[in-house]
There are 2 protein chains.
Amino acid sequence: MEIEPTYRDLIKELKEKKIRLSYQRVKILDYLNQHRTHPTADEIYTGLIAEIPSLSKTTVYNSLNSLVKANLIQELTIEDNENRYDIVTETHGHFKCEECGRIYDFKVELDSFNPEELKDFQINQKGVYFKGICKKCLETNQKNLQNEE
Amino acid sequence: MEIEPTYRDLIKELKEKKIRLSYQRVKILDYLNQHRTHPTADEIYTGLIAEIPSLSKTTVYNSLNSLVKANLIQELTIEDNENRYDIVTETHGHFKCEECGRIYDFKVELDSFNPEELKDFQINQKGVYFKGICKKCLETNQKNLQNEE
DNA sequence: TTCTTTATTGTAATCATTACACTTTATTAT
DNA sequence: ATAATAAAGTGTAATGATTACAATAAAGAA
Ligand SMILES: [Mn+2]
Ligand SMILES: [Mn+2]
Ligand SMILES: [Zn+2]
Ligand SMILES: [Zn+2]
């Protein structure tokens, strides 16, 4: 696979971490870049299997773990039964709708937030997860109520 | 099991939700009240099996789910492979040490924080999870380095 | 007590993720 | 370029937390 020049230094950095940017991994990265829905490993697998018939689900898991370790992507643990992946590695909040399951991004300023209780702690990662019902679902519910009358 | 008078109104509220405060559930609640370490279902089971030899792990899971639904306890999803439980239901932050696994509480003021992106969303729950290395582990690491010299 | 509902228990099933052994591909040395 | 070495991909089996299910027990209502 031809690699664009802009990726040169990235690849170099990965080489130092001994993480190769293989065909499969680039495709997974590309999928995450085009699908900003915070997909699961299974969704990524299903989305790529047509284009890469040889793809193994194990490869998806292995690749995602490598990419997380290289800090190219972020792993989200919102529900206990599924990990999700995000190509945006900067700290931001995630809202999961308990009705439709969609996950929304929102801005959160946490750089300046260092709680007293964690003084002298080394903080590596900050996660903010909200749950509730999204605007779309609230509107749908409202319409259904009106139709029932 | 004899129930203390202070629980009277609580039990009434639970009755309305059709959730009975059985012997096992009270014991689980009591365990969570005495062990503020955010234990897993398995840790609760192991901690109670000596006192309640008939206890089933399924009961622990069922009870925890009922207590969460009744909002008597809170479910924490920090890592994907284990849910943890907290008798403190007020919103607060959790720090998980990546070295020793301990989970620390910290204060977080989120009542006033309503991100622009979630305008018109119904927010039911706010979770804040930090990860890193705790003070104890950092100090231990430091000592080990000194001894190696 | 008798009827009805809810809870407990043990076992089997589920399902996301990982372990493992093998093959393929990429990198390095000769 | 060829051979040797290291990393990655693949398929299948294992793992492990959680849930489903059916039978039994306990609690509440009548
Ligand atoms: Mn995101
Ligand atoms: Mn807590
Ligand atoms: Zn929704
Ligand atoms: Zn620690």
Side-chain angles (χ1 to χ4, degrees), chain A residues 1-3 7 11-29 31 38-49 51-70 72-73 75-85 101, chain B residues 1-3 7-8 11-29 31 38-46 48-49 51-70 72-73 75-85 101:
Chain A
M1 162 165 288
E2 198 61 31
I3 303 298
Y7 288 124
I11 290 171
K12 198 173 181 183
E13 190 195 342
L14 289 176
K15 259 186 192 164
E16 283 161 19
K17 294 184 187 177
K18 296 210 173 176
I19 292 171
R20 283 182 202 156
L21 214 44
S22 68
Y23 175 73
Q24 284 85 344
R25 289 178 183 170
V26 172
K27 282 294 181 188
I28 289 170
L29 264 182
Y31 184 92
H38 314 90
T40 62
D42 194 69
E43 285 166 352
I44 297 169
Y45 172 78
T46 305
L48 290 176
I49 190 64
E51 196 180 355
I52 318 172
S54 73
L55 186 65
S56 163
K57 201 173 273 189
T58 301
T59 298
V60 177
Y61 280 106
N62 288 340
S63 298
L64 289 170
N65 287 338
S66 297
L67 294 171
V68 168
K69 206 172 289 179
L72 285 183
I73 63 173
E75 188 177 59
L76 309 179
T77 306
I78 309 177
E79 307 277 46
D80 58 312
N81 59 330
E82 54 176 25
N83 276 352
R84 295 178 168 274
Y85 296 89
Chain B
M1 162 166 288
E2 198 58 35
I3 303 295
Y7 288 123
R8 282 281 148 70
I11 290 171
K12 197 173 182 182
E13 189 194 345
L14 289 176
K15 258 186 195 164
E16 283 162 18
K17 294 183 187 177
K18 298 209 174 176
I19 292 172
R20 283 182 202 158
L21 214 44
S22 68
Y23 175 72
Q24 286 84 345
R25 288 177 183 171
V26 173
K27 282 294 181 187
I28 289 170
L29 264 183
Y31 185 91
H38 313 91
T40 62
D42 194 69
E43 285 167 351
I44 297 169
Y45 172 78
T46 305
L48 290 176
I49 190 65
E51 197 179 354
I52 318 171
S54 74
L55 186 64
S56 164
K57 202 174 272 188
T58 301
T59 299
V60 176
Y61 280 107
N62 287 341
S63 298
L64 289 170
N65 287 337
S66 296
L67 294 171
V68 167
K69 204 173 289 177
L72 284 184
I73 64 173
E75 188 177 59
L76 309 179
T77 306
I78 310 177
E79 308 276 46
D80 58 310
N81 59 328
E82 55 176 26
N83 276 352
R84 295 179 168 274
Y85 296 89

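As a basis for the values below, the full set of heavy atoms in this structure was taken, side chains included, without hydrogen atoms, waters or symmetry mates. Here is how names work: the chains are called A, B, and so on, in the same order as the sequence lines, proteins then strands, and each is numbered from 1.
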Between [X] and [N], does any side-chain N or O lie under 4.0 Å from OP1 or OP2?
{"X": "A:N65", "N": "C:dT18", "answer": "yes"}
{"X": "B:Y61", "N": "D:dT19", "answer": "no"}
{"X": "B:S56", "N": "C:dT8", "answer": "no"}
{"X": "B:R20", "N": "D:dA26", "answer": "no"}
{"X": "A:S54", "N": "D:dT10", "answer": "yes"}
{"X": "A:T58", "N": "C:dA19", "answer": "no"}

Rounding to a whole Å, what distance do you find between [X]:[atom1] and [N]:[atom2]?
{"X": "A:N62", "N": "C:dT17", "atom1": "CG", "atom2": "C1'", "result": "10 Å"}
{"X": "B:K57", "N": "D:dT18", "atom1": "NZ", "atom2": "P", "result": "9 Å"}
{"X": "B:L21", "N": "C:dA7", "atom1": "CG", "atom2": "P", "result": "10 Å"}
{"X": "B:I19", "N": "C:dT6", "atom1": "CD1", "atom2": "C1'", "result": "11 Å"}
{"X": "A:D42", "N": "C:dT17", "atom1": "CG", "atom2": "C1'", "result": "11 Å"}
{"X": "A:E79", "N": "C:dT14", "atom1": "CD", "atom2": "C1'", "result": "17 Å"}
{"X": "B:Y45", "N": "D:dT18", "atom1": "OH", "atom2": "P", "result": "15 Å"}
{"X": "B:L55", "N": "C:dT8", "atom1": "CG", "atom2": "C1'", "result": "9 Å"}

(message) Whether the side chain of A:R25 engages the backbone of A:L67 through a donor-acceptor N/O pair (distance < 3.5 Å, no angle test) should be reported.
(response) no

(message) Has A:E43 got a side-chain atom pairing as donor or acceptor with A:T40's backbone, closer than 3.5 angstrom?
(response) yes

Nearest-nucleotide pick for [X], side chain only, options being [options]:
{"X": "B:N83", "options": "D:dT18, C:dT17, C:dT11", "answer": "D:dT18"}
{"X": "A:Q24", "options": "D:dT10, C:dA7, C:dT17", "answer": "D:dT10"}
{"X": "A:S63", "options": "C:dT8, D:dT18, D:dG9", "answer": "D:dG9"}

(request) Starting at OH of B:Y85, measure out to CD1 of B:I73 and round the result to the nearest 0.5 Å. (result) 7.0 Å

(message) If you compare all heavy atoms of A:Y45 against all heavy atoms of A:S56, which two are closest, and at what distance to 0.1 Å?
(response) CE1-C, 4.0 Å

(message) Can you give me the closest heavy-atom contact between A:T59 and A:I28, atom names plus distance?
(response) O-CD1, 4.5 Å

(request) Just call it for A:S66: base, sugar-phosphate, or nothing, with non-hydrogen atoms closer than 4.0 Å on any strand. (result) nothing

(message) By nearest heavy atom, map B:R25 and B:D80 onto DNA chain C; which one lands nearer the 5' end?
(response) B:R25

